[in-house]
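Here is the structure we will look at, set down as structure tokens.
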Protein chains: 2
Amino acid sequence: MDKTDDRTGRRIVPDTTRRADRLPGNRYGNRPTMKDVAARAGVGLKTVSRVVNGEPGVTPDTERRVQEAIEALGFRRNDSARVLRKGRTASIGLVLEDLADPFYGPLSRAVEEVARAHGALLINGSSAEDPEREQELALALCARRVDGLVIIPAGDDHRYLEPEIKAGVATVFVDRPAGRIDADVVLSDNFGGARDGVAHLIAHGHRRIGFVGDMPRIHTAAERLRGYRAAMEDAGIPVEDAWMSLGATSPERVRQAAVDMLGGPSPVTAIFAGNNRVTVTVIRVLAGHRRPVALVGFDDIELADLLDPGVTVIAQDAAALGRTAADRLFRQLDGTLIAPERIELPTRLIMRGSGELPPAD
Amino acid sequence: MDKTDDRTGRRIVPDTTRRADRLPGNRYGNRPTMKDVAARAGVGLKTVSRVVNGEPGVTPDTERRVQEAIEALGFRRNDSARVLRKGRTASIGLVLEDLADPFYGPLSRAVEEVARAHGALLINGSSAEDPEREQELALALCARRVDGLVIIPAGDDHRYLEPEIKAGVATVFVDRPAGRIDADVVLSDNFGGARDGVAHLIAHGHRRIGFVGDMPRIHTAAERLRGYRAAMEDAGIPVEDAWMSLGATSPERVRQAAVDMLGGPSPVTAIFAGNNRVTVTVIRVLAGHRRPVALVGFDDIELADLLDPGVTVIAQDAAALGRTAADRLFRQLDGTLIAPERIELPTRLIMRGSGELPPAD
DNA sequence: CCTGCAGCTGACAACGTTGTCCAGGCTCTA
DNA sequence: TAGAGCCTGGACAACGTTGTCAGCTGCAGG
């Protein structure tokens, strides 16, 4: 009968069969090497190497014998040794902020697809927005001798990468620029997107517009704030401090910030939300608010069209960011590229209703 | 001035600085080795190794000289060579279906956190639901000599992994079981969850309940279908074929399937949606439907609580799946585990409104 | 019958690191 | 002061693969 662990509710079904017994043996648990294959096939070591790599100059008969030995022993080439000898790992590293964030999934996937097209594997890690962890990860990847690095930086000083870049590690920064270092950068037009979004609200009659954003030490957050200010200034609207929330990252604090700017002495009639997480929190606040408040969010969010009203957003193309960065990485590896560039991808305003609400006061 | 590429709208800002010139040199672009460091510090090779690895038996003065040489040369240990020598790579592989799917982000992140806690890196790849690609990826990871593999299988025959497992590669399957092979498996209780969800609809008075699911060759889809059938049978309700859609994967076909079962001769009054993607599509269909239709979806989705009505779901804990699988992986590597097990994690019914609507006919 | 050539094959070194082991110099004690 | 023991440092082999090069075979041509 099944046992059920009371605390966790897990059901545990023990298998009656036994795990294939593993010879403790030497490292890799007694994995056969080319030498073993050669011995079994009665050929030389190098001949096995030739067969494994599809090099010419092997008689069909010899090749067959080698293949049989490979089958029989379950041989698989050790890429570590290969890398050591050849100097290229055919793998690239991706350092991002948080794989669980829906914005980074498609980006990561796009990088992977490009890597795959170039026959490379992707090794990735999350920095959790911690500069130290970013550095630790990036350097660990360099120690593995990845051919290149795609980095979504958490920190703002990347001089630690200088020796690596000098040593030939291709490097591209995405989503946020590199700090104190000369490198390729692929960004969304955060400033322009935010400015357009806020201008959109202004065009619909709003003047008291709130901005809820991330910590300004994060480049994207700073740029979006700058876009907000620019749009307001262009329209000749003086911004009140109470309309801006910067650096409230936890949902609770974002919620509080939104509530405050909706209820203050000069309450906002519209909110510009600085990223997908903030947008979701603000939506929750507005859902419980008595009068309608316009909203434009940076980053598209799933189901935004099904809410009432639909959520108007400034969408950036995460997949395109990843694709562009990875493309550039491999062009660096080709030697096609000479000078680092800064590439900005445009954003797109998607109207769904929430950004077109008139001011309600 | 900036050039703007007309087609793509990209803004390209050429950097005036020049990329640090890279000596073409030998592989790794002339990376210094321990030998170089030793020469510069005027010590033996092994002494450098000792310093780098923090081994005892080095005078502070010698250590300082070595450290200085390391700094000066920008030396970084080559982990490929290290791995070759030591036999452990301190990295694990994750083969999943699609990183861009919001369900797998948290799972992947959870695996990464556990790996990190064990000092291991995560190498991952997407199978794109293609069994061949899954195999290709898994074997490529084995060639890199990852210490272990966490696999979300796309295929249903994993005998190709037998030599690897025998050779000592720890292996855990998540979300779906392994095929024709004896291995650890961590699953959600797909059958029970679906049965509970459908029973929930029945308890609210529904009898004509539709099921929109994925291809039954996918284990989770088959189990959820089985749960649906079980709940209906328990309630003594005969299921009509027109109420079930299996294997419609594209949004268009799912949409059509939903429309069909809502408009047929005996139209359903409630729908059970088999996964997050299907749920979203069904929500879109129901949003345009004239009479209210109850809905329960498998997998939680973001913003589900903000829709009107809120979406009732059977939630599984993706992070817990990943965490449990990774834990087990490392316990295999410890040698703590003997026999493969099948672990099922419970699901949770979250009531938000859509599943509590009464039948409208 | 010998030479030359082409096509296969294998011996060997090298990649950069770590584990083993020994040498040399020091201190401490008898 | 001599011997024992400890501490530090270095020489060397090995990990599994690939690149280089030379040897071997068989065959065509002189």
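Just so it is clear, the model here is predicted, and its values are computed rather than measured. Atom set for the values below is all heavy atoms of this structure, side chains included, hydrogens, waters and symmetry mates excluded.
Not one side-chain nitrogen or oxygen of Thr47(A) sits closer than 4.0 Å to the OP1 or OP2 atom of dT9(C). One finds a side-chain N or O of Arg82(A) lying less than 4.0 angstrom from the OP1 or OP2 phosphate oxygen of dT18(D). The phosphate of dG9(D) has OP1 or OP2 within less than 4.0 Å of a side-chain N or O from Thr59(B). An OP1 or OP2 oxygen of dT18(C) is reached within less than 4.0 angstrom by a side-chain nitrogen or oxygen of Arg77(B). Between Ser49(B) and dT17(C) there is no side-chain polar atom (N or O) within less than 4.0 angstrom of OP1 or OP2.
A residue-by-residue look at Glu55(B) and Pro60(A) shows that Pro60(A) has its nearest nucleotide of DNA chain C further toward the 5' end. Residue-to-nucleotide proximity on DNA chain D shows that, of Val52(A) and Gly42(B), the 5′-proximal contact is made by Gly42(B).
Looking only at side-chain heavy atoms (C-beta outward), Arg116(B) and Leu137(A) stay at 4.5 Å or farther from each other. Side-chain atoms of Asn53(A) and Arg77(A), non-hydrogen and from C-beta on, do get closer than 4.5 Å to each other.
Set against dT17(D), dT17(C), dT20(C), the side chain of Lys46(B) has dT20(C) as its closest nucleotide. Minimum atom distance to the side chain of Phe75(B) is reached by dT17(C), of the listed dT18(D), dT17(C), dG10(C).
Side-chain atoms of Lys35(B) stay outside donor-acceptor range of the base of dG16(C), with no qualifying N/O pair under 3.5 Å. For Arg50(B) against dG10(D), a side-chain N or O and a base N or O form a donor-acceptor pair under 3.5 Å.
Rounded to an integer number of Å, the gap from CE of Met34(A) to C1' of dT9(C) is 15 Å. In this structure, the CZ atom of Arg85(B) is 16 Å from the P atom of dC12(D), given to the nearest Å. Distance, Asp79(B) CG to dC15(C) P: 19 Å, rounded to whole Å. Atom-to-atom, CG of Leu84(A) to C1' of dA14(C) comes out at 9 Å; the value is rounded to the nearest Å. Atom CG in Asp61(A) sits about 16 Å away from atom C1' in dG26(D), given to the nearest Å. When the P atom of dG16(C) is taken as reference, atom CG of Asn78(B) falls 7 Å away, rounded to whole Å. A straight line from CG of Leu45(B) to C1' of dT18(C) spans 9 Å, rounded to a whole angstrom. Distance CZ (Arg76(B)) to P (dT17(C)): 12 Å, rounded to an integer number of Å.
For Asp157(B), the CG atom counts as densely surrounded, since its 6.0 Å shell holds more than 12 non-hydrogen atoms of other residues, nucleotides or ligands. Glu71(B) CD: 12 or fewer foreign heavy atoms inside a 6.0 Å radius.
Val58(A) comes within 4.0 angstrom of sugar-phosphate atoms only, judged by non-hydrogen atoms across all strands, and of no base. Residue-level contact check: Asn53(A) touches the backbone only, with heavy atoms under 4.0 Å from sugar-phosphate atoms and none from bases.
Using the six-membered ring where Trp is involved, His118(A) and Phe330(A) have ring planes that are parallel, under 30° apart on the 30 and 60° scheme.
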Carefully, step by step, assess Asp61(A) and Arg65(A) under the rule salt bridge (Lys or Arg N to Asp or Glu O under 4.0 Å). CA-CA 6 Å; Asp61(A) 181 56; Arg65(A) 288 216 316 285; 3.4 Å; yes
